Amino acid sequence: MRIIARKTLRDFYEKHADSRISLEAWFHEALAARWQGPQEIKNRYPSADILPGNRMVFNIKGNRYRLIVKIHYNTGIVFIRFIGTHADYDKIDASTI
């Protein structure tokens with residue numbers, strides 16, 4: 001998959017250093033993946049949540065952080081829409097961000 005934008009992850013783990021290993025691991029797995037649909041992701045990441053509008057929520061660093069992406073399966077592009085703490089996540093509408 002092609003991931004837009006890795007800089008969002010880097011900016012986040014510069015502020016939250018404990019998330020770096022987990023975010024980099026997710027990034028490299030997603031980069032190598034060829035996901036065809038949300039169930040394929042759910043099979044690999046059972047704790048991920050499927051949201052409307054081709055969005056997925058991933059638990060990062062043992063569920064300490066949340067990553068929301070929007071996926072265009074037909075083009076193989078993953079757009080990073082949000083990364084934050086649970087407190088940050090509770091303040092947004094994950095299905096529209």
Side-chain angles (χ1 to χ4, degrees):
M1 306 297 283
R2 182 172 167 216
I3 298 141
I4 313 279
R6 185 177 190 183
K7 184 178 182 323
T8 304
L9 299 180
R10 285 186 186 139
D11 290 347
F12 186 80
Y13 67 62
E14 285 177 7
K15 294 177 184 169
H16 303 275
D18 64 327
S19 69
R20 182 177 185 155
I21 292 171
S22 297
L23 285 173
E24 284 291 317
W26 177 89
F27 175 83
H28 289 289
E29 275 196 47
L31 191 64
R34 295 292 173 253
W35 296 320
Q36 299 299 309
Q39 191 57 51
E40 191 175 337
I41 298 169
K42 189 78 171 152
N43 292 342
R44 170 65 184 98
Y45 298 96
S47 65
D49 294 320
I50 300 169
L51 299 177
N54 289 329
R55 287 177 172 77
M56 296 290 297
V57 179
F58 293 91
N59 297 319
I60 303 295
K61 179 94 171 91
N63 206 19
R64 184 168 184 174
Y65 303 107
R66 291 281 179 103
L67 171 66
I68 301 174
V69 300
K70 182 171 181 161
I71 304 168
H72 291 211
Y73 296 101
N74 60 333
T75 60
I77 299 175
V78 176
F79 295 92
I80 296 170
R81 305 296 297 159
F82 170 87
I83 178 71
T85 65
H86 271 277
D88 296 333
Y89 178 81
D90 290 340
K91 295 176 187 173
I92 63 160
D93 181 354
S95 64
T96 60
I97 197 164

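If you read the sequence from its start, that first residue is 1, and numbering goes on from there. These numbers were taken from a predicted model, which means no experiment stands behind them.
- Checked against salt bridge (charged side-chain N to carboxylate O under 4.0 Å, His left out), Asp18 has the following partners two or more places apart in sequence or in another chain: Arg64.
- Residues satisfying the side-chain contact (heavy atoms from CB on, under 4.5 Å) criterion with His72, sequence neighbours excluded, are Lys70, Asn74, Thr75, Phe79.
- Leu67 forms part of a hydrophobic cluster together with Met1, Ile3, Leu9, Phe12, Tyr13, Leu23, Trp26, Phe27, Leu31, Trp35, Ile41, Tyr45, Ile50, Met56, Phe58, Ile60, Tyr65, Val69, Ile71, Tyr73, Val78, Ile80, Ile83, judged by ILVMFWY side-chain heavy-atom separations under 4.5 Å.
- Listed by chain and residue number, Lys7 satisfy the salt bridge (charged side-chain N to carboxylate O under 4.0 Å, His left out) test with Asp11 (two or more places apart in sequence, or in another chain).
- Partners of Arg44 under the side chain to side chain donor-acceptor pair (under 3.5 Å) rule, at least two apart in sequence or in another chain, are Glu29.
- Remark: Asn54 engages no residue in a side chain to side chain donor-acceptor pair (under 3.5 Å) (not counting sequence neighbours).
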Residues 90-97, side-chain donor-acceptor partners within the protein, below 3.5 Å, at least two apart:
from, atom 1, to, atom 2, distance (Å)
Asp93, OD1, Ser95, N, 3.1
Asp93, OD1, Ser95, OG, 2.8
Asp93, OD2, Thr96, OG1, 3.4
Thr96, OG1, Asp93, O, 3.3

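- Distance alone, capped at 3.5 Å, is enough to place a donor-acceptor pair between the Lys42 side chain and the Ala48 backbone.
- A search for side chain to side chain donor-acceptor pair (under 3.5 Å) contacts involving Arg2 returns nothing, not counting sequence neighbours.
- By the salt bridge (charged side-chain N to carboxylate O under 4.0 Å, His left out) test, Arg6 pairs with Glu24, sequence neighbours left out.
- Under the salt bridge (charged side-chain N to carboxylate O under 4.0 Å, His left out) criterion, Arg20 pairs with no residue, sequence neighbours left out.
- When the side chain to side chain donor-acceptor pair (under 3.5 Å) test is applied to Gln39, the partners found at least two apart in sequence or on another chain are Asn43.
- The backbone N or O of Ser19 lies less than 3.5 Å from no partner atom in the side chain of Ser22, so there is not a single donor-acceptor pair.
- Looking at residues two or more places apart in sequence or on another chain, you find a side-chain contact (heavy atoms from CB on, under 4.5 Å) between Asn63 and Asn59, Arg66, His86.
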